[in-house]
Amino acid sequence: MAVSPSIQYSDEELASRWRDFFEDTGMRGHAIMLADEYPKERSLNVQFSQVNSFNADLASYLLENPAKSFKAAESVIGGLLPAERGYVKLHFRVEGLPLDARVEIRNLRSKHLGKLVCIEGLVRKATEVRPRLVDAVFKCARCDRELHVLQEGVMLKEPLECSKDVGGCGRVAGSTKFILLPEESSYEDTQKVEVQESPEGLRGGAQPERLEGFLIDDITGKISPGDRVILNGILTGTQRSGPQGKSTLFNIMLGVSSVEYREHEYDEIQITAEDIEKIRYEASKGDIVKKIAASISPTIYGFDIEKEAFSLQLFSGVSKTMQDGTRIRGDIHILLVGDPGLAKSQLLSYMSQLAPRGIYTSGKSSSAAGLTAAAVKDEFGEGRWTLEAGALVLADKGIACVDELDKMSDNDRSAMHQIMESQIITVAKAGITATLQARCSILGAANPTYGRFQDEQLIADQIDMPPALLSRFDLIFILQDKPNSSRDWSIASHILKAHRVGERRKLDHTPEGVVEESLQEESRVVEPEFDRDFLRKYISYAKRVNPILTDDAISLIRDEYLRIRKEGEGQGASVPITARQLEAYVRLSEASARGRLSQLVEKEDAERAIRIVGYYLMKLAREGDVLDIDRITSEMSHSQRSHVSSIIDIIRNNADEPGGIPIEEIITQAGKRKIDESEVRKIVEKLSRTGEIHEPRNGFYKLTQK
Ligand code: ADP
Ligand code: MG
């Protein structure tokens with residue numbers, strides 16, 4: 001705004017400006033309507049632009065002197081209401097502040113104190129709504145006179161004397177006591193929230209900064225942790241008090257005037273008409289999913305299929321609400337399990353920066369909320385309970401990249417099932433019962449418990465995660481570090497080239513002894529196909545497409561599902577895949593169609609999904625020539641399970657032996673059934689642990705009587 005910042009109004013001028021504003025813009029009529037609904041309606045919301053187009057000076061004064069302006073506006077409104085309405089007190093709240101009032105939390109400075117500012121962020125914490133004293137009524141202990149003291153701030157203000165002006169006895173504090181009368185006093189609802197900078201605004205792994213906000217009356221109780229909000233309010237300083245008394249250092253806090261909610265992830269990314277033209281053009285050239293895959297972490301060599309799956313995850317499938325109200329998630333959950341040093345963490349952090357609303361975190365995060373959410377009673381709440389959002393709630397409508405997922409806390413572990421399927425988390429503790437949304441895709445990484453992944457062993461034995469949780473991932477990729485000279489050559493060359501490109505970027509010329517042409521060639525290799533800004537725009541644009549399955553795609557997916565299921569037909573055979581995988585096919589093919597900006601999920605999308613799911617199943621669930629989904633989703637594979645029943649058989653057949661059957665005998669008999677010794681010992685150990693068999697004396701086993 002090209003207005004001089006130093007406008008001054010006297011109190012009368014200010015009041016008359018506001019009076020004119022309310023009269024001339026028809027706001028007065030609106031206020032009268034609200035007053036009819038009082039106390040259900042307690043706020044008069046005004047758009048900043050309305051004030052600005054009425055009188056730019058008044059608007060500018062409002063930004064510079066908000067506390068004074070609010071007070072004046074509120075008292076003017078009070079005076080404009082017909083007296084017969086009785087007691088009505090409307091809050092004056094301003095929304096839609098201009099861009100120059102918008103400040104990033106990290107840029108808040110002392111010059112912003114007392115000014116009207118607009119803060120955009122992600123709600124991390126919200127306390128319970130609790131009353132605060134506004135009009136405190138005291139009684140003089142000597143003369144019983146009642147005295148009113150208006151409260152501002154956090155510390156209780158008591159009367160200084162029992163003033164004769166209001167008919168009191170005139171004694172001062174010290175020669176009389178003042179007793180607070182809670183029932184006579186009046187209160188208003190308050191709530192404290194903490195917002196942090198949205199990850200979008202952060203560059204290069206910076207930690208988000210935080211700000212406390214204070215809400216009063218009718219706007220309390222509406223904000224949930226995880227919400228994306230714009231808070232408009234007055235920045236105020238609160239004096240720190242330390243052990244040595246009051247300090248000259250101040251903390252900052254926002255006295256919130258109004259809250260605006262950000263519904264869609266794509267509200268945050270501005271896409272121009274030119275952008276759309278470029279997006280459509282790139283999509284029309286074909287092969288877009290592959291090109292996007294090639295733009296994910298180009299310095300990391302290989303992982304072509306994994307990167308293709310990541311690009312589908314960026315688009316995600318279509319989330320659906322059925323007629324009966326059930327919701328089916330569209331988000332695609334992916335887990336990377338792999339040996340150390342295979343660039344898992346690198347891939348995750350890259351993805352978190354690429355994905356709109358992406359968040360990178362570790363399973364063993366230190367905050368109380370962990371991955372999910374928690375109700376805590378700490379300093380922030382000043383005695384109230386606070387609901388705190390964890391990473392998966394903060395990543396609502398985005399991608400949560402969780403490194404070292406296997407190290408998550410027990411609390412998170414139990415909440416994860418609910419989050420991954422229904423995408424909500426319920427917290428019920430003390431005064432707080434809340435349901436938070438966590439509609440995010442999870443990209444997890446886990447390290448094998450014993451260092452390296454062993455092909456033959458079940459995944460459940462190798463990573464510290466319950467099988468029921470594993471079964472909720474749409475895709476699980478095993479990354480293994482197996483020496484292979486041609487691949488190793490390529491990886492090594494790629495890594496070395498990437499380093500040389502990085503070194504060259506620090507220099508202003510190419511020194512002698514290094515060939516300029518080969519440098520240029522190398523930098524092309526590690527350059528992404530699309531830059532990050534364009535990709536983010538592409539993704540948010542593509543996510544607006546809601547494609548629908550064609551008959552072709554349906555029959556392809558159905559045939560593939562039936563083909564694999566058929567392998568499991570016949571007596572005692574394994575279950576090769578379940579309906580969970582069927583849903584994975586659907587989500588992946590929908591994402592593929594979105595990636596192409598296609599309204600239809602076509603044959604090529606279904607084929608891509610089938611190829612990717614097939615790749616992971618063959619690596620993880622293959623038992624001989626057939627698939628066995630139990631290798632992923634339970635503690636035991638199908639063949640192990642039949643071995644377990646053989647061992648139980650053997651022990652049962654020797655039930656007559658009063659002292660139990662010796663382990664050597666079990667091993668001999670099991671050997672005849674082609675079960676080797678180490679497996680017998682493992683199974684016996686497992687069965688005694690679960691209490692199905694017991695050991696009456698050392699080395700002898702009996703079935704436990706039930
Ligand atoms: P992890 O999390 O799997 O243990 P990191 O992400 O910490 O592994 O990666 C270790 C280092 O090795 C990183 O600097 C990464 O860039 C490099 N690296 C590993 N594999 C590759 C690869 N295929 N291409 C390029 N760099 C790689
Ligand atoms: Mg790592």
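Heavy atoms only: backbone and side chains are in, while hydrogens, waters and symmetry mates are out. Counting starts at 1 for both ligands and their atoms, following the listed order.
Counting only heavy atoms from C-beta outward, the side chains of K344 and N447 approach each other to under 4.5 Å. The shortest distance between side-chain heavy atoms of S316 and R594 falls below 4.5 Å. Under the 4.5 Å side-chain criterion, counting only non-hydrogen atoms from C-beta, V613 is in contact with L475. Contact of the F310 side chain with the I399 side chain is not registered, since no non-hydrogen atoms from C-beta on lie closer than 4.5 Å.
Short contacts between ligand 1 and L342, defined as distances under 4.0 Å to a heavy atom of the residue, involve ligand atoms 1 (P), 3 (O), 8 (O), 19 (C), 20 (N). For ligand 1, the atoms closer than 4.0 angstrom to any heavy atom of T299 are 24 (N), 25 (C).
For atom 2 (O) of ligand 1, the closest non-hydrogen atom on the protein side is S345 OG, 2.7 Å. Taking atom 11 (C) of ligand 1 as the reference point, the nearest protein heavy-atom neighbour is G341 O, 4.7 Å. Protein heavy atom nearest atom 22 (C) of ligand 1, with residue, atom name and distance: Y301 N, 3.6 Å. Looking only at protein heavy atoms, the nearest one to atom 15 (C) of ligand 1 is Q346 CG, 3.8 Å. In terms of protein heavy-atom proximity, atom 20 (N) of ligand 1 is closest to A343 CB, 3.6 Å.
Heavy-atom distances between G338 and ligand 1 stay at or above 4.0 Å for every pair. Judged by the shortest distance from any of its heavy atoms, P340 lies inside the 4.0 Å radius around the atoms of ligand 1.
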Check the pair E282, K285 against salt bridge (Lys or Arg N to Asp or Glu O under 4.0 Å), reporting the backbone distance first and the verdict last.
CA-CA 5 Å; E282 290 295 346; K285 287 204 297 189; 3.6 Å; yes
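Within the set K344, R487, E404, the minimum heavy-atom distance to atom 3 (O) of ligand 1 is found for K344.
Put simply, N447 stays out of reach of the Mg ion (ligand 2), with no N, O or S atom under 2.8 Å from it.
Not one N or O on the side chain of R580 forms a donor-acceptor pair closer than 3.5 Å with the backbone of R472.
Contact annotation for L347 and ligand 1: no heavy atom of the residue comes within less than 4.0 Å of the ligand.
Remark: R280 CZ is loosely packed, at most 12 non-hydrogen atoms of other residues, nucleotides or ligands lying under 6.0 Å away. Other residues, nucleotides and ligands contribute more than 12 heavy atoms inside 6.0 Å of the NZ atom of K320.
The presence of a protein heavy atom under 4.0 Å from atom 17 (C) of ligand 1 is ruled out.
Between F477 and Y616, the ring-plane angle classifies as perpendicular under the 30° and 60° cut-offs.
For I495, no nitrogen or oxygen atom sits less than 3.5 Å from a nitrogen or oxygen atom of ligand 1, counting backbone and side chain alike.
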